[in-house]
Student: 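What follows is a structure written as structure tokens; I'll ask about it next.
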Amino acid sequence: MARHLITSALPYINGIKHLGNMVGSMLPADVYSRYLRQRGHDVLYICATDEHGTPAELAAKEQGLPVDEFCAQAHDAQKAVYDGFELAFDYFGRSSSAENRDITQHFARRLNENGFIEERAIRQVYSPADGRFLPDRYVEGTCPHCGYDKARGDQCENCTRVLDPTDLINPRSAISGSTDLEVRETKHLFLLQSKLQHEVEEWVSRHEADWPQLASSIARKWLNEGLHDRAITRDLDWGVPVPADTWPELAAEGKVFYVWFDAPIEYIGATKEWADQDPENRDWKSWWYDVDTAVRYTEFMAKDNVPFHTVMFPATELGVREPWKKVDYVKAFNWLTYYGGKFSTSQKRGVFTDQALEILPADYWRYFLIANAPESDDSSFTWEHFTATVNKDLADTLGNFVNRVLSFSKKRFGEEVPAGAAAGAAEAKLGEEIAGLLAEYEAQMEALQFRKAAAALRALWSAGNSYLEEKAPWLEIKTDPEDAALTLRTAMNLIHLYSVVSEPFIPASSKAMRTAFALQDDTAAWVTRDEAKSLDSVPAGTPFTVPPVLFAKLTDEDLETYKERFGGAAE
């Protein structure tokens, strides 16, 4: 089987993330990782908190903590939420680790040796009111290209154009709001991306046809506009320090590498963190160095991260002139909005991941988010849509099927799977249908088409309900108990099949379904086509229990409560 390296965009350290962050990177990466593991592949799923940059310093200052202590606490808080969502990272690291520091400095030295880094004196925005140079993203103003009035000094979120702070119209400090800004001279290191333009173009040309249109179009747009040399250092107290053995003057001034430079390297750094926990059995370089086609590397991210992963980080990897693994497939997502507007912490609009888990178990959110993933365009979260999806798909289609089959069988035949008659034409027809739907589900998962995969999974659940309605064991029991027992035995085998194939989407509920049956040797990782057709993995006589209700239906009162707490339609 293939070896799969999977990374999701690093969540930034300052605060718990909203549902859009979850569905735009970490959750689909987890679903895909789980699926691949079940199919027998060797999978390494790596993520980490992105901890450097001014926002971390400011958040620490607000809490009255040293920045390293703040980041440690924030990392643990985020990890607790991701554990609550059952994200099965192989390792969830930290970009402030010693491993990332060492590898980032190594990359910088190699780029310098190869002529792709240059020290330049530049004029940079300084805020007397704040007493500091302002990093690009902490200068805000109006984008000169599209007129968006909250553009940052590094990039306009509205039109995605790359900017410099001096490009902005009516610039202001994002820290204090002061418009009393000066431009002072300071020295920084620049990555000469312009010298790598043709190499990046050739590399993108070899891969973009396989990527989603969203990823390839963003990469091509950046390349068509031309790659510009970009500063990779900043005047900050917190970050990977510029190595003194290569740039002693800048090191003495306390320069650190800019977060956009070191954050993607943390994918490698976190893998080394993982390996360093068990060095005798884990080899981080076997995933990253001189592996080429031996490893398939898939990245998951929202569209604002696409340029950094399809153009800028590949330029860095190409420039070091070492055989570091580059991404094979970029799964990019559009935005998840809240009633068509942005999630907002300051305005208390939208649902954040810790709040979501306070309301309902993770499987409700996991299923809804993946079934409505913003793949081809933006998608909007509304409580009405969420409630309808939970009630129709999870409570009615899956949960009710499981409960009524097991409850009815226990009432009529006791606490063991009934034997009943031999399978007949209806069961043969059902087996063929299930095998075909399973093949469709597998195909969509392999293609990383998550909404279509969810639709195929939902169709598998619906097939069980259709079979049950057709056979009507509550009527069969009156005239032919053996046929009723056959129907229930077949339905129980469907429940077990659902428990296996639904695990990437709803792991906790899948475990509850699977452990309802006291099978002595239940080690099946997946379901083969023949197993799907025969539906006999749970033999007659197997003891079972009726699990608690898998999914509670949400009421109109619940809906109004959620809307009152989190806000409804965007104003």
Side-chain angles (χ1 to χ4, degrees), residues 1-10 25 29-30 32-48 88-93 95 97 99-111 113-114 116 196 199-211 215 219 261-301 305-306 308-332 446 448:
M1 289 291 184
R3 302 179 74 213
H4 287 266
L5 174 64
I6 296 172
T7 63
S8 53
L10 309 186
S25 58
D30 177 73
Y32 187 56
S33 298
R34 286 175 176 274
Y35 170 77
L36 291 176
R37 291 190 190 104
Q38 286 187 269
R39 301 306 305 273
H41 297 289
D42 187 7
V43 177
L44 184 65
Y45 176 24
I46 293 292
C47 193
F89 304 115
D90 287 285
Y91 191 75
F92 186 71
S95 68
S97 69
E99 288 87 348
N100 191 45
R101 177 200 64 208
D102 294 344
I103 298 172
T104 297
Q105 291 179 340
H106 169 77
F107 270 47
R109 291 187 187 99
R110 290 290 297 161
L111 287 163
E113 291 167 8
N114 296 329
F116 295 118
L196 291 159
E199 292 181 52
V200 176
E201 282 185 322
E202 291 176 1
W203 178 80
V204 168
S205 294
R206 294 196 300 271
H207 294 83
E208 62 182 331
D210 297 328
W211 294 348
F261 182 73
D262 81 86
I265 298 172
E266 167 60 6
Y267 297 133
I268 306 173
T271 308
K272 190 172 189 302
E273 293 171 51
W274 164 80
D276 285 347
Q277 291 189 331
D278 187 8
E280 293 186 3
N281 298 301
R282 298 173 179 175
D283 179 8
W284 66 279
K285 282 193 173 181
S286 72
W287 292 95
W288 280 103
Y289 196 82
D290 200 19
V291 292
D292 195 23
T293 57
V295 172
R296 179 168 175 80
Y297 178 20
T298 306
E299 293 176 342
F300 290 79
M301 71 200 66
N305 275 312
V306 168
F308 298 98
H309 292 77
T310 60
V311 175
M312 299 170 79
F313 186 45
T316 297
E317 290 185 291
L318 289 165
V320 298
R321 299 297 190 241
E322 293 175 341
W324 295 99
K325 178 63 182 176
K326 301 170 191 65
V327 64
D328 294 298
Y329 190 84
V330 178
K331 179 60 177 179
E446 297 286 345
L448 287 87

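Values reported hereafter were calculated over all heavy atoms of this structure, with side chains retained and with hydrogens, waters and symmetry mates removed.
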Student: Any chance you could measure D262, atom CG, to F107, atom CZ, to the nearest 0.5 Å?
Tutor: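 It comes to 12.0 Å.
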
Student: Could you pull out the closest heavy-atom pair between Y267 and S8, with the gap in Å?
Tutor: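 Closest approach of Y267 to S8, heavy atoms only: CE2-O, 3.6 Å.
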
Student: Give a yes or no answer on whether the side chain of N100 reaches the backbone of G269 with a donor-acceptor pair at less than 3.5 Å.
Tutor: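 Checked: no pair found.
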
Student: Show the numbers, then the answer: is there a side-chain contact (heavy atoms from CB on, under 4.5 Å) between E266 and S97?
Tutor: CA-CA 9 Å; E266 167 60 6; S97 69; 3.9 Å; yes

Student: Take the angle between the ring planes of W324 and W284 and call it parallel below 30°, perpendicular above 60°, tilted in between.
Tutor: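 Because their plane-to-plane angle is under 30°, the rings of W324 and W284 count as parallel.
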
Student: Would you check, one step at a time, whether the test side-chain contact (heavy atoms from CB on, under 4.5 Å) holds for H106 with E322?
Tutor: CA-CA 11 Å; H106 169 77; E322 293 175 341; 2.9 Å; yes

Student: To the nearest 0.5 Å, what is the distance between CE (M301) and CG (L10)?
Tutor: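 M301 CE to L10 CG: 10.0 Å, rounded to 0.5 Å.
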
Student: Can you tell me how far the CD atom of Q277 sits from the CD atom of E273, to the nearest 0.5 Å?
Tutor: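 It is 8.5 Å, given to the nearest 0.5 Å.
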
Student: Minimum heavy-atom separation for L448 to K331, with atom names?
Tutor: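 Answer, listing the atom of L448 first, then K331: O-NZ, 2.8 Å.
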
Student: Say you draw a straight line from NZ of K325 to CG of D290; how long is it, rounded to the nearest 0.5 Å?
Tutor: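 Taking NZ in K325 and CG in D290, the distance rounds to 11.0 Å.
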
Student: Report yes if the side chains of L318 and K326 come closer than 4.5 Å at any heavy-atom pair, otherwise no.
Tutor: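 L318 vs K326: side chains touch.
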
Student: Could you tell me which non-hydrogen atom of I6 sits nearest to which non-hydrogen atom of A29, and how far apart they are?
Tutor: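 The answer is CG2-CB, 4.0 Å.
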
Student: Using a 4.5 Å cut-off on heavy atoms from C-beta on, say whether the side chain of W288 contacts that of V295.
Tutor: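 Answer no - side chains too far apart.
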
Student: Can you give me the closest heavy-atom contact between A315 and L196, atom names plus distance?
Tutor: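 What the structure gives for the nearest pair is O-CD1, 3.4 Å.
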
Student: Are Y297 and V291 side-chain neighbours, meaning at least one heavy-atom pair lies under 4.5 Å?
Tutor: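 No, every pair of side-chain atoms sits at 4.5 Å or beyond.
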
Student: Could you tell me whether the side chain of P323 reaches within less than 4.5 Å of the side chain of D292, counting heavy atoms only?
Tutor: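 Counting from C-beta outward, D292 and P323 never come under 4.5 Å.
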
Student: Quick one: pull up CZ in F261 and CZ in F308 and give me the separation to the nearest 0.5 Å.
Tutor: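 Nearest 0.5 Å value for the CZ-CZ distance: 13.5 Å.
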
Student: Less than 4.5 Å apart, any side-chain heavy atom of D30 and any of R34?
Tutor: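 In contact.
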
Student: Would you check, one step at a time, whether the test side-chain contact (heavy atoms from CB on, under 4.5 Å) holds for H309 with V327?
Tutor: CA-CA 8 Å; H309 292 77; V327 64; over 6 Å; no

Student: Would you call R37 and D90 a salt bridge, taking side-chain N to carboxylate O under 4.0 Å as the test?
Tutor: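 Judged by the 4.0 Å cut-off on N to carboxylate O distance, R37 and D90 do form a salt bridge.
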
Student: Over 60° means perpendicular and under 30° means parallel, so tell me whether F89 and Y45 are parallel, tilted or perpendicular.
Tutor: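 F89 and Y45: tilted rings.
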
Student: Measure the acute angle between the ring planes of Y35 and Y32, then classify it against the limits of 30° and 60° as parallel, tilted or perpendicular.
Tutor: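 If you compare the ring of Y35 with that of Y32, the planes turn out parallel.
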
Student: For the pair D42 (side chain) and R3 (backbone), establish whether a donor and an acceptor sit closer than 3.5 Å, ignoring hydrogens and angles.
Tutor: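 Judged by distance alone, no pair lies under 3.5 Å.
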
Student: If we ignore hydrogens and angles and just use 3.5 Å, is the side chain of R296 paired with the main-chain N or O of D328 as donor and acceptor?
Tutor: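 Side chain of R296 to backbone of D328, a donor-acceptor pair under 3.5 Å: no, none is there.
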
Student: Got a salt bridge between R321 and E199, using NZ or NE/NH1/NH2 to carboxylate O under 4.0 Å?
Tutor: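 Result for this pair is yes, salt bridge flagged.
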
Student: Are any of the side-chain heavy atoms of W211 and T310 separated by less than 4.5 Å?
Tutor: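 A side-chain contact under 4.5 Å exists here.
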
Student: Determine the minimum heavy-atom distance between T271 and L44, stating which atoms define it.
Tutor: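 Result for this residue pair: CG2-CD2, 3.8 Å.
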
Student: Please find the pair of heavy atoms, one from F300 and one from S25, that lie closest to each other, and give the distance.
Tutor: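 Closest approach of F300 to S25, heavy atoms only: CB-O, 3.6 Å.
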
Student: Measuring from I265:CD1 to E99:CD, what's the distance to the nearest 0.5 Å?
Tutor: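 The CD atom of E99 is 14.0 Å from CD1 of I265, to the nearest 0.5 Å.
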
